[in-house]
Amino acid sequence: MGVGETIRGVVKIFTVAVTIVVVAVPEGLPLAVTLTLAFSMRKMMRDKALVRRLSACETMGSATTICSDKTGTLTLNQMTVVEAYFGGEKMDPPDNTQKLSAAVSTMIIEGIAQNTSGSIFEPESLSQGGQAPEVTGSPTEKAILSWGLQLGMKFSETRSKSSILQVFPFNSEKKRGGVAVQVGDSEVHVYWKGAAELILESCTSWIDKDGSKQSMTPEKVGEFKKFIEDMAVASLRCVAFAYRPCEMSDVPKEDQRADWVLPEDNLIMLGIVGIKDPCRPGVQDSIRLCAAAGIKVRMVTGDNLQTARAIALECGILTDPNVSEPTIIEGKTFRELSDLEREEVADKISVMGRSSPNDKLLLVKALRNRGHVVAVTGDGTNDAPALHEADIGLSMGIQGTEVAKESSDIIILDDNFATLVRVVRWGRSVYANIQKFIQFQLTVNVAALIINVVSAVSSGDVPLNAVQLLWVNLIMDTLGALALATEPPNNHLMQRPPVGRREPLITNIMWRNLLIMVCCICTLLYSSYLWPFCC
Ligand SMILES: Nc1ncnc2c1ncn2[C@@H]1O[C@H](COP(=O)(O)OP(=O)(O)OP(=O)(O)O)[C@@H](O)[C@H]1O
Ligand SMILES: [Ca+2]
């Protein structure tokens, strides 16, 4: 045998090998995955969800549980003060201060105007019947400031009467915010405002409607608690106002004042307000849709447990009003469990009240350890760790802070729970489209592989050479990917359980279809090839 012939033989073996590799590798897959992700990302944008990490679309489709915030996501975030309890009595309507003495009213108004992170813009034309004052700030602050206006508060005037010495801004961890103001030369007032039952615990006395200070007897504590409970059952957010007088001599000098920790014990209770934040319309339907899709929705909120329960009942997360721990649990109780106990309890939790952002993180960790694919919503800066830890972090486009948005995979532009459910639908469609493409591609590849290998072994030659096969692949892959990747979601997708973490991408049914199709294709091709020999 000559050298030329040997080389030709080697080249032939090489081309056959290349041909077999070309048919065996599903080159179209990355194209199809990217196409379907990019396509649904654009569609999701129209549905008010901005995808930051492409693969999150697909992960969202396999989510088994959603831990959702309450405020703004399940509710409208339009808060108004609808109940108030000051001077030891309920005010009816909540802006009726007739029973309160002037001193008490002044104190309440000073507390509202100074102890706030919001602001009020008072247009000058108001006196001539012009525009109404404009209130800005977080929804809770806005509600309280608007209520202050109803009480007759003159915002800038009240603020100019005293000067602020120190501020402790509200945070979700401590659930309270405070301020120290100097009135006159030596008088200092420290105001606190925050989660009602927590503030109540720090109070040792209360202010009567005539302005006299009464000590906080167990009966009175019971009365306050009853009032908080009643408001919470009516799904109101409860915020308490407390106060403590100080002397200028107790306040550190100006150069050390930055480290001054505002005194938070021995407070005097001024009163409590109940803030209504209605459920979003349509939230019930979305939650029902999730239930049908096998996704458990859990509410994690900073609000009082009873308020959380009432809202959860309203929007359908809970159906039985008498559920108990651990279905409905307080953040503190959950925090104090051991890692193992937490994992056991996590599965059962539907509502977590009075939670801090760290509790959210613990819940996400516990659920993930149980094998769940967890989607979490968050808005605050300190929600960032939970958003990071979750399989899919969803931040709020309107209420969310930049930090939360940066840590999230998807931004829900309208803060609405219904959008979240639409994201799940798109996610499932991405997953289904990828599955369809894989099935198509594998069927063709396996059939082509069998035919090529059998021909190569039996005759030493292949039916189509490498270049021809590449052409076929090019056309088939791109068009196939385009067709299958852009298929829109259908309703059937939301009626089956989530795929979760463990389910294989290629299911048994897909293998079965694949085998049947491969058998059909091979039989057809071989019989058409062998037919002339038989006749
Ligand atoms: N600006 C505020 N000043 C004082 N107290 C507040 C303020 N905002 C909220 N609170 C109190 O803190 C509690 C909840 O605070 P937190 O910020 O943790 O919840 P949230 O994030 O607003 O709620 P969610 O988790 O449902 O979105 C409320 O129940 C209320 O009593
Ligand atoms: Ca929150």
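Because the structure is a prediction, the values reported are computed rather than measured. For the numbers below, each heavy atom of this structure counts, side chains included, while hydrogens, waters and symmetry mates do not. Every number for a ligand or one of its atoms is a count from 1 in the order of the listing.
Near Lys175, the atoms of ligand 1 lying under 4.0 angstrom from a non-hydrogen atom of the residue are 13 (C), 16 (P), 18 (O). Of all the atoms in ligand 1, the ones that sit under 4.0 Å from a non-hydrogen atom of Ala195 are 11 (C), 31 (O).
Ionic pairing of Asp277 and Arg237 is not present here: no N-O contact between side-chain nitrogen and carboxylate oxygen is shorter than 4.0 angstrom. With respect to the salt-bridge test (charged N to carboxylate O, under 4.0 angstrom), the residues Glu83 and Lys90 qualify.
For the atom pair CD1 of Ile411 and CG of Asp414, the computed distance is 12.5 Å after rounding to the nearest 0.5 Å. In this structure, CG on Asp303 lies 8.0 Å from OG1 on Thr140, to the nearest 0.5 angstrom.
Considering backbone and side-chain atoms alike, Cys238 places an N or O below 3.5 Å from some N or O of ligand 1. Of the N or O atoms in Ser172, one or more lie within a sub-3.5 Å distance of an N or O in ligand 1. In terms of polar-atom proximity, defined here as any N/O pair under 3.5 Å, Ala196 makes no such contact with ligand 1. Residue-to-ligand polar distances keep Arg176 apart from ligand 1: every N/O pair is separated by 3.5 Å or more. Checked against a 3.5 angstrom limit, the closest N/O atoms of Glu141 and ligand 1 fall inside it. Below 3.5 Å of separation, one finds an N or O of Arg237 facing an N or O of ligand 1.
Contact between Val300 and ligand 1 is present, with at least one heavy atom of the residue lying under 4.0 Å from the ligand. Using a non-hydrogen distance threshold of 4.0 Å, Arg354 registers as a contact of ligand 1. Heavy-atom separations between Gly177 and ligand 1 are all 4.0 Å or longer.
Nearest approach of Leu262 to Ala180, heavy atoms of both residues: CD2-CB, 3.6 Å.
For Trp206 and Phe227, the ring centers sit 6.0 Å or farther from each other.
For the residue pair Gln399 and Asp415, no side-chain donor N or O sits within less than 3.5 Å of a side-chain acceptor on the partner.
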